[in-house]
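What follows is a single structure, written as structure tokens, with notes after it.
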Amino acid sequence: MSYSVNGNKMISLVFTRFIFYAWHDKAYSRQKGMKKMVQKWYQQAIIYQIYPRSFQDTNGDGIGDLPGIYRRLPYIKQLGANTIWLNPIFVSPQVDHGYDVANYFAIDPVFGTMADFERLVTRCHELKLRLLLDLPLNHTSDQRPWFQDASQNVNSIYRDYYIWAIGTNGRPNNWGSFFGGSVWAASPLQKDAYYFHAFDAHMPDLNWANPEVRKAMADVAKFWLAKGVAGFRLDAFIHIAKADFNQNNLQPSSQQYPLAAAFYENLPAVRPYLADFITQVKQAYPDTFFLGEAASANATQAAAYTQTATDCDVVMTAKNYGEYYPNCDSQIPEFFQPRQLSLRQLKRTFKHWETVLKWPVLSWGTHDVSRVLDRLQLPKDKPAVAKALALLMYLQKGLPVIYYGEELGLHNLQFGQVADFKDQRGQALIRQLRQQQYPEATLLTLLNQYDEMTARGPFPWSTQRYGGFSTQQPWNWGQVPAENLASQWEKSTSVVQFYRQVLALKQQPLFRAGTYQLLATTETIYAYKRRHQGKTALVVVNFSPSPAQFSLLKQHYRTVLATGAQVAAQQVQLSAWGGIVLITE
Ligand code: NOJ
Ligand code: CA
């Protein structure tokens, strides 16, 4: 047996030995007697997240639309996803790109019509694709008639749909909102009265303590389920309960209104409020799937939110990307702090998440964070890195959620000036760092690396002008990344073709339903096993710029997928960021 990994004997020894034990341990026979688990449909789902504004424009206004998504359904099918999640498409003033809903029962004209939507659903069903809608349920737009009426009339039947408080000498408390400034905005009607908004002032929070609100949102869900959607991503649901307003955030801060999430995040009433809503929906549509957005949740919280049939089915968080922050600047919000991928951290995270959660979400990012390759400062222009990320993430146990473009190894859209960042989070950072006299160049670098707008660029379909996305300059436009689908599709070694192979494997019972075991290895190797009905898969990824090698002591294995990997005489050679999937029968 050889165990020289890049000349480092000790590391290679440890690695080799772990593979040896992992391959021969007794865990499999222990599992033989286990009961067969009945899988729910979402346990076979592979989600492709589409940011509708940026996927495909068909009417030349530079904004993606529903007919554009319709046109591209065959691509999603060929990629190997079977479920689509659309970011919000309801009528909205677009203060927060659709998360501020003015009418929950109609399609925003920028995306098309109800007929377009119905055609999309029908086609999805023909192609055996399920459709999930994004449901912003913590807040509405201030243009929603409920709020319009409630804010103009204290006796409105909708007054109690929102959250009001009286301030003495100013705002009711010092709590800061996610988008900067106070969570309180002045009521247009009453002196000293304020309404609550966890996000933008144009997005008043709904009062979920009011059963009518829970019923109203259940009615929204049922309306879309009747049209054939399979479920919802529940936006910001962890904020639907609030603490007693009669207290300040006492954390020391230089801000007048320090962010006070603890007072309106993960409070005990969240689950019962949600359970009431889910129960009402499931009474009419028992199979409805709920993907809860709990961006800040740790594994324990995520497990608590997925306990019973009246909880979410799965919870998606931004806390399992294996990020670590080597050089923190306390003046900069966490969202914009420089960070890197720590494999050690990722292993710790998945070991834990895979144990405590029934069905973890597997993801490298969403529309709320910059693209993974830039965010984690990974080596540029290396398709092997993008492939390694896919391999180490998606064959684990759980639900893959692939953010559109990630399958090309897409990089961030880049902007030329600070003023190009018009999103709330970017604007808040600009205000804060300018106040602190940060140089503009530093600001631009931070924004281009971490701001969410960098991840919302047009999908590059081809080498045509505007990437074949539109005939007009896209709504979100800057210096575009080099990748495009048409060129990659032709090339068998491209990132997108690799994603297709990974997702094809993911459809096999072994990777869908198999048990999961993360293997203890040297720091730069990520390795795990899946076992199902007498079969075992071993997935090994060398996440480093140096080659590695290990020995297989089992005879009967075959390679089902390899990137930068070779097997000869039971020796596996992995080049930089190489990976392999082996199966024994
Ligand atoms: C989470 C969404 O993903 C984000 O884009 C949005 O700004 C907030 N929730 C508020 O709805
Ligand atoms: Ca359009």
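Ligands are counted one by one from 1 in listed order, and the atoms in each one are counted from 1 as well. All values reported here derive from a predicted model rather than from experimental measurement.
For R214 and W208, the positive end is not near the middle of the six-membered ring at less than 6.0 Å and at most 45° from its axis. Stacking of R339 on the aromatic ring of Y450 is recorded, both the 6.0 Å distance cut-off and the 45° axial limit being met. Judged by the 6.0 Å and 45° rule, R130 forms no cation-pi pair with F289. Note that K77 lies outside the cation-pi zone of Y75, set by a 6.0 Å cut-off to the ring centre and a 45° limit from the axis. Both cation-pi conditions hold for R72 and W461: the charged atom is under 6.0 angstrom from the six-membered ring centre and inside a 45 degree cone around its axis.
Ionic pairing of E407 and R371 is not present here: no N-O contact between side-chain nitrogen and carboxylate oxygen is shorter than 4.0 angstrom.
Between Y264 and W175, the ring planes lie tilted relative to each other; the angle falls in the 30° to 60° range. Using a 30° and 60° split on the angle between ring planes, H367 and Y99 fall in the parallel class, below 30°.
Contacts between E293 and ligand 1, counted as non-hydrogen atom pairs separated by less than 4.0 Å, involve the side chain only. Neither the backbone nor the side chain of Y51 has any atom closer than 4.0 Å to an atom of ligand 1 (non-hydrogen atoms only). If you look at H97 next to ligand 1, there are no close heavy atoms at all, none under 4.0 Å.
Taking 4.0 Å as the cut-off, R233 counts as a neighbour of ligand 1 on heavy-atom distance. For the pair H139 and ligand 1, a heavy-atom separation below 4.0 Å is found. Heavy atoms of F178 stay at 4.0 angstrom or farther from ligand 1.
For the Ca ion (ligand 2), the N/O/S atoms of I63 include one lying under 3.0 Å. S470 lies apart from the Ca ion (ligand 2) in this respect, since none of its N, O or S atoms is found at a distance under 3.0 Å.
Of all N/O/S atoms in D65, OD2 sits nearest the Ca ion (ligand 2). Looking at D61 and the Ca ion (ligand 2) together, the shortest N, O or S contact belongs to OD1. D57 contributes OD1 as its N, O or S atom closest to the Ca ion (ligand 2).
Of the protein's heavy atoms, D96 OD2, 2.5 Å lies nearest to atom 7 (O) of ligand 1. From the protein, the heavy atom lying nearest to atom 8 (C) of ligand 1 is F199 CE2, 3.8 Å. At the top of the distance list for atom 3 (O) of ligand 1, counting protein heavy atoms only, stands D368 OD2, 2.4 Å. For atom 1 (C) of ligand 1, the nearest non-hydrogen atom of the protein is D235 OD1, 2.8 Å.
At a cut-off of 3.5 Å, with distance as the only test, no side-chain donor of T306 or D311 sits close to an acceptor on the other residue.
Less than 4.0 angstrom separates some heavy atom of F179 from each of these atoms of ligand 1: 7 (O).
With R123 contributing its side chain and Y70 its backbone, the two residues share no donor-acceptor pair below 3.5 Å.
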